[in-house]
Amino acid sequence: MATPEGIVSIQSWVAYGHVGNAAAVFPLQCLGFDVWPVHTVQFSNHTGYGVWRGQVMTVDHIRDVVEGIGERGALAGCRAVLSGYLGAPELGEAVLDAVRAVRGLRSDALYACDPVMGDDGRGFFVREGIPAFFAEKAVPAADIMTPNRFELEHLTGLPVTDVPSALAATAALRARGPRIVAVTSLPVAGDDGQLAVLADCAEGAWHVRTPRLPVNLNGTGDAFTALLLGHYLQTGRVDRALGAAVATLFGVIEATAQAGVRELRLVASQDGIRHPEARFPVEPVRRA
């Protein structure tokens with residue numbers, strides 16, 4: 001029997017709405033990947049509503065589920081481990097255990113880490129110890145990291161105010177481990193009506209600018225990381241993966257804004273996820 005190929009996605013789960021695995025699994029499936037989701041929390045809805053129900057999973061639960069996936073022979077075919085919101089710092093150790101288990105069977109498997117910690121305007125919204133886990137343990141282990149502007153500043157201690165300053169910070173972060181760093185929610189100097197996303201790797205750096213839409217939605221970072229990983233696995237090109245991920249996510253956000261709803265319109269946008277349009281130029285960024 002052939003070993004199946006897929007992605008292990010270890011992050012939160014909500015029954016209602018689209019954050020964490022509920023934002024990452026479906027886009028990856030639309031791109032043709034098998035996904036084996038492992039939930040770090042099981043909540044009724046995301047915490048942005050102010051009220052939610054459910055539980056944070058234990059370390060033993062995470063390890064048991066990953067071990068069970070391995071018993072089916074799937075980890076040998078795992079192309080990547082994807083992680084996002086953890087819920088508790090000790091769950092990060094279970095994520096790294098999964099990464100080590102996969103890499104022990106497949107040396108070319110990637111670890112894509114979305115270091116979910118906080119955001120502009122809200123500050124940190126995770127438990128104490130989680131920012132330290134990302135900075136001290138996840139950064140050296142990751143191949144791909146996708147912080148937002150706020151998180152990149154925390155991870156590097158450098159100011160991130162625009163694309164050039166972001167490039168200095170992504171270079172500093174890459175020097176500590178990740179091969180690819182993509183940072184979201186970047187201001188564009190002199191144009192408050194736009195946002196930028198920057199991707200930086202040894203081969204070069206690129207950014208994509210999009211209009212700033214008048215919405216504030218949960219789950220966009222989770223979906224972006226999944227899309228970037230999926231397109232990178234398909235193409236092996238950071239610039240192409242960046243362009244496809246940004247265009248796809250912009251289309252989803254645009255559809256959500258037009259519908260006037262609070263949760264990402266992922267299912268309604270599935271055709272655009274499968275066949276992204278080249279809507280925005282992917283522009284090279286020159287290093288200082």
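- Taking both residues in full, the closest heavy atoms of C201 and I180 are given as CB-CG1, 4.0 Å, listed atom of the first, atom of the second, then distance.
- Nearest heavy atom pair, residue L96 against residue A141, reads CD2-CB, 3.9 Å.
- Not one N or O on the side chain of R209 forms a donor-acceptor pair closer than 3.5 Å with the backbone of V188.
- Note: the hydrophobic cluster containing Y232 does not contain V285 (ILVMFWY, side chain heavy atoms under 4.5 Å, direct or indirect links).
- Among pairs with a residue in residues 123-149, those fulfilling salt bridge (charged side-chain N to carboxylate O under 4.0 Å, His left out) read E93-K137, R103-D143, D120-R149, D143-R179, R149-E153, at least two apart in sequence or across chains.
- With hydrogens and angles disregarded, no donor-acceptor distance shorter than 3.5 Å links the side chain of N218 to the backbone of L264.
- Taking each heavy atom of L242 and A199 in turn, the nearest pair found is CD2-CB, 3.9 Å.
- Residues in residues 267-288 take part in these ring-ring contact (aromatic ring centres under 6.0 Å, His included) pairs, two or more places apart or across chains: F250-F280.
- When every heavy atom of P147 is checked against every heavy atom of V181, the shortest pair comes out as CD-CG1, 4.1 Å.
- The distance from atom CG of D114 to atom OG1 of T146, rounded to the nearest 0.5 Å, is 3.5 Å.
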(Q) Does L152 form a side chain to side chain contact (heavy atoms under 4.5 Å, CB included) with L173? I'd like the steps, not just the answer. (A) CA-CA 8 Å; L152 182 62; L173 193 61; 4.0 Å; yes

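- Here the CG atom belonging to D192 is positioned 8.5 Å from the CG atom belonging to L195, to the nearest 0.5 angstrom.
- Among residue pairs with one or both ends in residues 132-175, those qualifying as ring-ring contact (aromatic ring centres under 6.0 Å, His included) are F124-F150, F124-H154; sequence neighbours excluded.
- L86 has its side chain out of reach of V116: every pair of non-hydrogen atoms, C-beta onward, lies at least 4.5 Å apart.
- Scored by the salt bridge (charged side-chain N to carboxylate O under 4.0 Å, His left out) test, D60 finds no partners at all (sequence neighbours excluded).
- Within the 3.5 Å criterion, the main-chain N or O of M117 finds a donor-acceptor partner in the side chain of E151.
- Using a 4.5 Å cut-off on side-chain heavy atoms (C-beta onward), I273 and L227 make contact.
- L110 is not connected to L105 by any chain of hydrophobic side-chain contacts under 4.5 Å among Ile, Leu, Val, Met, Phe, Trp and Tyr, and they are in different clusters.
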Donor-acceptor pairs are to be reported for all side-chain atoms of residues 20-31 against protein atoms at under 3.5 Å, with residues two or more places apart or in another chain.
residue, atom, partner, partner atom, Å
N21, OD1, S9, OG, 2.5
N21, ND2, S9, O, 3.3
N21, ND2, Q11, O, 3.4
N21, ND2, V38, O, 3.2
N21, ND2, H39, ND1, 3.1

Q: Would you check, one step at a time, whether the test side chain to side chain contact (heavy atoms under 4.5 Å, CB included) holds for V160 with L186?
A: CA-CA 8 Å; V160 178; L186 287 175; 3.6 Å; yes

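- Heavy-atom neighbours of Q194 CD from other residues, nucleotides or ligands within 6.0 Å: above the threshold of 12.
- Every pair passing salt bridge (charged side-chain N to carboxylate O under 4.0 Å, His left out) that includes a residue from residues 198-207 is listed here, sequence neighbours excluded: R174-D200, D200-R287.
- V252 is listed as a side-chain neighbour of L266, based on a closest heavy-atom distance under 4.5 Å.
- Here salt bridge (charged side-chain N to carboxylate O under 4.0 Å, His left out) pairs that include residues 253-277, with residues two or more places apart or in two chains, are E254-R279.
- No chain of hydrophobic side-chain contacts below 4.5 Å, direct or via other Ile, Leu, Val, Met, Phe, Trp or Tyr residues, connects V95 to I144.
- Linking Ile, Leu, Val, Met, Phe, Trp and Tyr residues whenever their side-chain heavy atoms come within less than 4.5 Å places V99 and W36 in a single cluster.
- Remark: R106 CZ is packed, more than 12 non-hydrogen atoms of other residues, nucleotides or ligands lying under 6.0 Å away.
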Q: In sequence, state the C-alpha distance, the side-chain angles, and the governing distance for L82 and V8, and then conclude on side chain to side chain contact (heavy atoms under 4.5 Å, CB included).
A: CA-CA 6 Å; L82 168 63; V8 172; over 6 Å; no

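- The ring-ring contact (aromatic ring centres under 6.0 Å, His included) analysis of residues 86-113, with sequence neighbours excluded, yields no pairs.
- The shortest side-chain heavy-atom distance between Q55 and F43 does not fall under the 4.5 Å cut-off.
- Under a hydrophobic clustering in which Ile, Leu, Val, Met, Phe, Trp and Tyr are joined whenever their side-chain heavy atoms come within less than 4.5 Å, directly or via other members, I62 and V102 fall into the same cluster.
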Q. What do the steps show when you test V246 against F224 for side chain to side chain contact (heavy atoms under 4.5 Å, CB included), and what is the final call?
A. CA-CA 7 Å; V246 170; F224 171 78; 4.0 Å; yes

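- Nearest heavy atom pair, residue H207 against residue A196, reads CD2-CB, 4.3 Å.
- Side-chain N or O atoms of T58 include one that pairs as donor or acceptor with a backbone N or O of H61 at under 3.5 Å.
- Inter-residue side-chain proximity for E283 and V208 is flagged as unmet; no heavy-atom pair is nearer than 4.5 Å.
- The 12-atom threshold is exceeded at CG of D108, counting heavy atoms of other residues, nucleotides or ligands nearer than 6.0 Å.
- Each of T47, V41, V19 was evaluated against V14; a single residue qualifies, V19, per the side chain to side chain contact (heavy atoms under 4.5 Å, CB included) test.
- Among residues two or more places apart in sequence or in another chain, the side-chain hydrogen bond (donor to acceptor under 3.5 Å, both in side chains) test is passed with H18 by none.
- Remark: D162 pairs with S165 by the side-chain hydrogen bond (donor to acceptor under 3.5 Å, both in side chains) rule, at least two apart or across chains.
- Between the side chain of T170 and the main chain of L167, a donor-acceptor pair closer than 3.5 Å is present.
- Here the CD1 atom belonging to I253 is positioned 12.0 Å from the CZ atom belonging to R212, to the nearest 0.5 angstrom.
- Between M145 and P115 there is a side-chain heavy-atom pair separated by less than 4.5 Å.
- The minimum heavy-atom distance linking L91 with M57 is given by the pair CD2-O, 3.3 Å.
- Remark: H46 engages Y49 in a ring-ring contact (aromatic ring centres under 6.0 Å, His included) (not counting sequence neighbours).
- Within the structure, ring-ring contact (aromatic ring centres under 6.0 Å, His included) contacts touching residues 156-203 (residues at least two apart or in different chains) do not occur.
- Interatomic distance, CG of L217 versus CG of L213, reported as 9.0 Å (0.5 Å rounding).
- A donor-acceptor pair under 3.5 Å links the side-chain atoms of T40 to the main chain of S12, judged by distance alone.
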